Structure formats: C-alpha cells, structure tokens
Amino acid sequence: MAVRTRYAPSPTGYLHVGGAWMAFFTWLFTRHEGGQFVLRIEDTDRSRSTEAFEAAILEDLRWLGIGWDEGPDIGGPVGPYRQTERTELYRQHAEILTARSAAYPCYCLPEELEADRQRAAAEHRPYRYSGRCRDLTPARRAEMEAAGRRATLRFRVRSSRGPIMVDDLVLGRVEFAAEDLDDFIIQRSDGTPLYNFANVVDDHGMRITHITRGAEHLSNTPRQFLMYEAFGWDQPRVAHFPSLLGVDRKKLSKRHGDTAVREYKAQGYLPEALVNFFALMGWYPEDGREIFSVDEMIARFRIADVGKSGAVFDVQKLTWMNGVYLQEALRRTPERVVDLVAGALRDAGLLDGDGGPAQRAYVARVVAIMGERLRLPKDVLTYGDFFFRDDIPYDPAAVRKQFRGRETPAMLERLREALARVEPFDVAGIEKAVRDTAAALGLESKDVIHPLRLALTGKTVGPGLFELIEVLGKGRVLARLTRAARLAEETAASGGA
RNA sequence: GGCCCCAUCGUCUAGAGGCCUAGGACGCGGCCCUCUCAAGGCCGAAACGGGGAUUCGAAUUCCCCUGGGGCCA
C-alpha cells in the first residue's frame with residue numbers, strides 16, 4: 001500500500017522553523033517511500049486564521065523545495081483540503097458516534113466541571129469526569145434541553161477495556177491505561193469539532209497511512225486510536241518527532257528571536273542550507289557526513305533513525321552551513337549571489353533601487369573578489385561597504401595605529417603619485433607600483449600596505465588590496481588618498497591620540 | 001495534581017556490553033599560511049545528570065532519584 005502523509009498547519013502566522021522542520025521530515029520520509037504528501041489547512045480557529053497567512057505558508061514551503069501532491073491550491077481526490085470546508089463531515093461523523101452510543105451529549109456547565117476539579121484537588125485525588133451525563137435517559141436529556149442547556153459531545157471511554165498500545169515509529173511502544181483517559185469532549189456546545197476529533201475524521205478521510213507530528217501530540221494518540229476503533233477504521237502508523245527548542249531548552253517560540261522561515265529568507269539564508277541544517281536536527285546519516293543534497297537525504301532518510309530527544313535550533317551552525325552553500329552558489333551560479341548581495345546593500349541603504357546592468361556588473365566585480373569571505377549576504381557590509389560609499393567611516397583604533405607616524409602623509413602622497421601613473425589600472429600594475437614605492441622608501445611591502453588599506457577602506461579587514469584598488473578605480477583611489485593624507489597629518493600632529 | 005516522553009562536550013550528534021584513552025561537526029583558543037580579514041591546514045580545551053542492580057566487563061541492559069519537556073485538567 002502506498003504511503004500517504006500530511007502536513008497540517010494552522011494559518012495563524014507565518015511558517016515557523018519548527019513547522020518547516022516537521023514538514024520537511026514528513027516530506028523526506030514520503031519521498032523516500034515514493035508516497036503521496038498532502039497539505040491540509042487547519043483553519044478552524046477563524047478568529048486567528050487568515051488567507052494571507054495560508055498563502056504565505058504555501059509560498060515558504062515551496063521556497064524550501066517542499067512540494068505537495070494534494071492541497072488546498074491544487075485540489076485532489078479527497079478534498080476539500082481546508083477544515084472550514086469540511087464542517088459537514090465532522091457533523092456527520094459526530095452523529096455516527098452518537099448513534100452508536102460511542103459518544104453522548106454532556107450538559108455539564110463549565111462552572112460545574114470546575115467545581116468538580118476543585119473538589120478533586122482539595123481531596124488530593126486525580127480529577128476524573130464525574131460521569132454525570134454518561135447515562136442520561138431520553139427524558140432527562142429533554143429536560144436539560146428545555147432548560148436551555150446546550151450539550152457538548154463526549155466520547156465514551158470504556159475503562160474496562162485493556163490498555164491502548166501505541167507503536168510509534170520514533171519512540172517505540174508506549175502503553176496508556178484506559179482508565180487514565182477519561183471521557184473526553186469531541187464537539188463543543190456550539191457544534192464545532194475539537195482538534196483531536198477533526199484530525200481523526202480528516203486523516204481517515206484523506207486516507208493518511210502515516211501520521212507524523214510533534215511529540216506534544218503523543219498523549220492525544222490513544223484517544224484518537226479509540227475513535228478509529230469506534231468507527232471501525234484501521235489505525236494509521238504514527239511517528240512523533242521531538243520538539244525544536246530554543247537556547248534555553250524551552251520549546252522554540254517567538255521569544256527566541258527569529259522563528260519564521262521568511263525572516264531567514266529575508267536575511268539571505270539559502271533554502272538548501274536551511275533544509276540541510278534541518279536534516280541534521282534529530283537525524284544523522286550513517287557516515288556522519290554533514291553536507292549533502294536533498295536527493296541524498298531522500299535516499300538515506302529513515303524514520304527509525306530519528307532521535308527521541310528535543311534539539312536546540314543553533315543559528316551559529318546554520319550560519320556556518322549557509323556559508324558553505326553560499327560558496328557553492330558562488331561557483332555554480334554567481335549571479336544568484338550577486339542578487340543576494342545587492343539585496344543586502346539595498347537594505348543597508350548603500351545601493352539605489354535597481355541601478356541597471358552597470359550597477360549589477362559592479363556588484364558582480366565586488367562579489368568576485370570578496371565572495372569567498374561571505375557566510376551571509378550582509379557580510380558584504382563588514383568587508384566591503386567602502387565600495388558603495390565615499391564617506392567611509394574610519395576605524396578609530398586602526399587610525400591611531402597606522403596614521404600616527406609623521407612620515408605617513410608623505411608616504412600616502414608618494415603612493416598617490418605612483419598609482420596616478422599606473423596605466424592600464426590593473427592588478428599587476430597596481431601591485432608593482434605599490435611594492436616599488438615601498439622599496440624606494442626603504443620599507444617592507446606590508447608597512448605601506450596596511451596604511452594604504454586603511455586609507456582606502458577605513459578598515460583593517462577586507463579583500464586583497466590590489467584587487468580592491470582595481471575595482472575601486474583610479475579616480476576614487478586618488479581622491480581617497482588625498483583625504484586620508486590629511487587625516488594622517490592631523491593624527492600625527494595630535495600625537496596619535 | 002494524574003498520565004506520558006526525553007537525558008553523551010556550550011550546541012547538533014556518533015555510540016545498540018568489550019573496537020571508548022568516548023568519535024565527528026558548529027562555536028571557542030593556539031599555531032601555520034598570508035598585505036589584513038575570511039577561507040584552508042595542524043593542534044588544543046570541552047560531555048556519558050546522580051545512585052543502586054545485572055555482568056568478568058556498562059555511555060550502552062534493568063530499577064530508583066533528579067532534571068527538562070508535553071498532554072489532560
């Protein structure tokens with residue numbers, strides 16, 4: 001039988017990295033098995049669900065490379081794929097359970113239940129539903145209705161039955177005692193279904209063979225199995241993945257900073273890096289390799305190898321991995337890196353809109369000489385902002401160190417003259433001019449290179465000096481040297497302070 | 001409160017009784033390379049939560065405790 005799985009997000013926010021991780025593992029497993037992956041939208045919380053969030057979730061999943069075979073946008077044979085369009089199904093199924101007396105109307109008021117709970121706590125015994133409405137006679141029910149009470153629907157758990165076994169693909173066998181389950185509510189008094197119930201109706205209706213979800217749903221599983229039993233349906237296999245944690249080891253949430261996939265996208269993280277990083281949380285391939293393609297992941301992924309303990313989302317490692325993939329992109333599709341870097345520059349206000357092919361070509365030249373330093377597109381700002389602004393800020397500590405000598409202004413002037421004569425203005429000619437000037441002054445190359453770098457870039461880090469001079473162009477280089485010589489003069493005069 | 005799950009370096013993890021002097025990766029520190037930084041190469045610090053039991057032998061099996069997480073309320 002073909003494997004069928006689903007990912008069922010609620011459109012109450014953007015796609016969360018925890019959700020994306022879950023979706024990715026489910027998708028990997030499904031592709032490995034050659035099965036079908038269904039996308040279902042759990043939008044029963046109407047007050048918080050929006051169409052915009054739904055569209056955003058679909059978009060982010062696609063961006064990650066996670067595609068589905070059936071879903072709200074493309075339809076499929078077992079639709080509809082939004083819970084709000086399935087309310088009639090839930091109502092019908094609730095009726096079936098009621099007719100079989102597997103479920104019964106419960107007229108208890110919230111206040112009454114709360115009182116029961118308080119009493120149990122006061123007497124130091126575990127709270128159980130009193131069973132007050134379990135066996136109401138039809139006459140008694142009519143009385144309640146007449147009194148204006150609206151019933152919830154409770155599922156009847158026969159505590160005489162044996163324990164419920166859950167054979168989880170990740171966690172192994174877990175046993176639950178029926179008497180601990182208690183009669184649980186499957187439909188609110190307003191007629192809307194509860195999560196557990198709607199889930200069962202949908203998963204069965206969509207012929208899902210393998211349910212994958214977060215470990216927080218493990219306790220729901222025996223209740224769901226009981227419902228499958230009551231309907232006379234075959235139970236699906238289940239796999240509960242561990243939770244994603246924040247650095248404080250609590251379940252990852254908004255408090256932990258960026259949790260939405262699109263926030264990472266906006267920062268220039270590559271989808272292939274994100275997905276490779278996801279793979280390594282909770283699962284490792286046999287040979288311990290860390291960088292591999294999606295096709296390799298699909299080939300190697302085995303659900304039984306998924307770990308049981310929660311994993312902390314470590315942005316540092318993600319960023320390292322992004323660097324690995326950015327380098328690969330640089331080799332294979334450099335124009336893609338150019339786009340990302342241009343985006344980072346625009347975000348920083350260092351590039352105007354779309355400056356056309358000339359601007360693009362310039363960014364491409366910058367990327368060509370410093371791309372290997374990037375782990376994130378925004379790293380261009382720390383290594384090469386001076387390519388995109390003339391009012392370069394000078395690193396004060398570096399100025400104190402490099403410009404304190406009385407002979408520095410003269411040295412910068414000599415370099416300016418030498419560079420002015422370089423023609424054509426290319427790396428070879430530039431390097432020769434700089435080294436010859438150093439020799440003529442009786443200095444080692446590095447003694448002129450460091451001040452020169454500072455003069456032109458304002459900083460002590462960056463791409464190769466001769467390369468950056470070529471890209472900057474003669475005009476700007478000469479202008480900056482003039483300005484830097486003045487700064488060096490002031491610095492030397494003030495004793496380097 | 002009841003029930004359930006989990007537990008190896010700071011983090012992701014390898015480890016399914018002797019191969020463990022507990023391995024790899026990120027991060028961190030040092031050295032090399034070098035015009036700087038990054039990258040790269042080499043080296044280093046860094047973990048089996050605690051206690052029992054089983055066994056000739058336990059990170060690995062069992063029990064208890066502790067800690068963390070979750071579900072129901």
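Being a predicted model, the structure only gives us computed values, none of them experimental. Order of the sequence lines fixes the chain letters, A, B, ..., with proteins taken first and strands second; residue numbering starts at 1 for each chain.
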Pick the C1' atom in B:rC19 and in B:rA14, then give their distance to the nearest Å. 14 Å
Heavy atoms under 4.0 Å, any strand shown: does A:E290 hit a base, just sugar-phosphate, or nothing?
-> base
note: A:L169, atom CG; B:rC5, atom C1'; distance rounded to Å ~ 16 Å
| request: Give a yes or no on whether the ring-centroid distance for A:Y264 and A:F313 is below 6.0 angstrom. | output: yes
When rounded to whole Å, the CG to C1' distance for the pair A:N276 and B:rC26 reads 13 Å
- Would you mind classifying the nucleic acid contact of A:P242 as base, sugar-phosphate or nothing, using non-hydrogen atoms under 4.0 angstrom? nothing
inquiry  = Whether the A:D295 and A:S293 side chains hold a donor-acceptor pair (N or O, under 3.5 Å, no angle test) is what I'd like checked.
reply    = no
Among B:rA25, B:rC12, B:rC35, the one nearest any side-chain atom of A:W320 is B:rA25
Among the nucleotides B:rA38, B:rU36, B:rG69, whichever has the atom closest to the side chain of A:R453 is B:rU36
Distance between P atoms of B:rG27 and B:rC12 (Å, rounded): 15 Å
Between CG of A:N220 and P of B:rG69 the distance, given in whole Å, is 19 Å
Judged by nearest nucleotide, the residue sitting upstream toward the 5' end of RNA chain B, A:H217 or A:F466, is A:F466
Check: Looking across every strand, which nucleic acid part, if any, lies under 4.0 Å from A:L218 by heavy atom: base, sugar-phosphate, or nothing?
Finding: sugar-phosphate
ask   = How would you label the contact of A:S309 with the nucleic acid (heavy atoms, under 4.0 Å): base, sugar-phosphate, or nothing?
value = sugar-phosphate
Flag for A:T457-A:R453: side-chain donor and acceptor within less than 3.5 Å
no
Re B:rG44: Watson-Crick or G-U wobble partner, both distances kept under 3.5 Å, found to be B:rC28
Using Watson-Crick geometry (N1-N3 plus N6-O4 or O6-N4) or G-U wobble (N1-O2, O6-N3), each under 3.5 Å, B:rG67 is paired with B:rC6
Which of B:rC26, B:rC5, B:rC12 is nearest the side chain of A:L171? It is B:rC5
Practice task
For B:rC71 and B:rG10, measure between their P atoms and round to the nearest Å.
Solution key: 28 Å
Checking N1-N3 plus N6-O4 or O6-N4 for Watson-Crick, or N1-O2 and O6-N3 for wobble, each under 3.5 Å, the partner of B:rG1 is B:rC72
Taken to the nearest whole Å, CG/A:N322 to P/B:rA25 is 20 Å
Atom CG of A:D182 and atom P of B:rC4 are separated, to the nearest Å, by 15 Å
Which of B:rC12, B:rC35, B:rC72 is nearest the side chain of A:L465? It is B:rC35
Inset, instruction - Please measure how far the C1' atom in B:rG69 lies from the corresponding atom in B:rC33, and state the result in whole Å. - result: 47 Å
Could you tell me whether the side chains of A:Q118 and A:E114 share a donor-acceptor contact shorter than 3.5 Å? yes
Check the side chains of A:D183 and A:Y104 for a donor-acceptor pair under 3.5 angstrom, ignoring hydrogens and angles.
-> yes
Looking across every strand, which nucleic acid part, if any, lies under 4.0 Å from A:Y284 by heavy atom: base, sugar-phosphate, or nothing? base
Of the candidates B:rC35, B:rA38, B:rG24, the side chain of A:Y383 sits closest to B:rA38
*Please determine if a side-chain N or O atom of A:K308 lies less than 4.0 Å away from the OP1 or OP2 oxygen of B:rC6.*
yes
Against the side chain of A:S219, the closest entry in B:rG70, B:rG27, B:rC72 is B:rG70
Using a cut-off of 4.0 Å on non-hydrogen atoms, how would the nucleic acid contact of A:G282 be classed: base, sugar-phosphate, or nothing?
sugar-phosphate
Of B:rG69, B:rA38, B:rC35, the nucleotide closest to the side chain of A:S243 is B:rG69
* Specify whether A:Y228 and A:H204 have parallel, tilted or perpendicular ring planes, treating 30° as the upper limit for parallel and 60° as the lower limit for perpendicular. => perpendicular
Under a 3.5 Å limit on both distances, the Watson-Crick or wobble mate of B:rU36 is none
Exercise. Taking the P atom of each, how far is B:rU61 from B:rG18, in whole Å?
Worked result: 12 Å
Checklist entry - P atom, B:rG30 versus B:rG51: distance in rounded Å? => result 36 Å
Applying the 3.5 Å cut-off to both distances, the Watson-Crick or G-U partner of B:rC62 turns out to be B:rG52
Quick note, A:D314 side chain, CB onward, closest among B:rC5, B:rC26, B:rG70 is B:rC26
For A:E372, answer base if it contacts any base atom (sugar-phosphate contacts may also be present), sugar-phosphate if it contacts only those atoms, and nothing otherwise; contact means non-hydrogen atoms under 4.0 Å. base
RNA chain B nearest-nucleotide lookup for A:D180 and A:P463: closer to the 5′ end is A:D180
From CG of A:L244 across to P of B:rG69 the rounded distance in Å is 15 Å
If you look at every strand shown and take non-hydrogen atoms under 4.0 Å, does A:F176 touch a base, only sugar-phosphate, or nothing?
sugar-phosphate
Among B:rC35, B:rU36, B:rC26, the one nearest any side-chain atom of A:E467 is B:rC35
Gap in Å between the two P atoms, one belonging to B:rA22 and one to B:rC48, rounded: 10 Å
*asked:* Pairing donors with acceptors under 3.5 angstrom, does anything connect the side chains of A:T319 and A:Q316?
replied: no
Quick note, A:V312 side chain, CB onward, closest among B:rU11, B:rG27, B:rC35 is B:rU11
Taking only the C1' atom of each, what is the distance from B:rC6 to B:rG49 in whole angstrom?
13 Å
Check: Below 4.0 angstrom, N of the basic side chain to O of the carboxylate: do A:R119 and A:D116 qualify?
Finding: yes
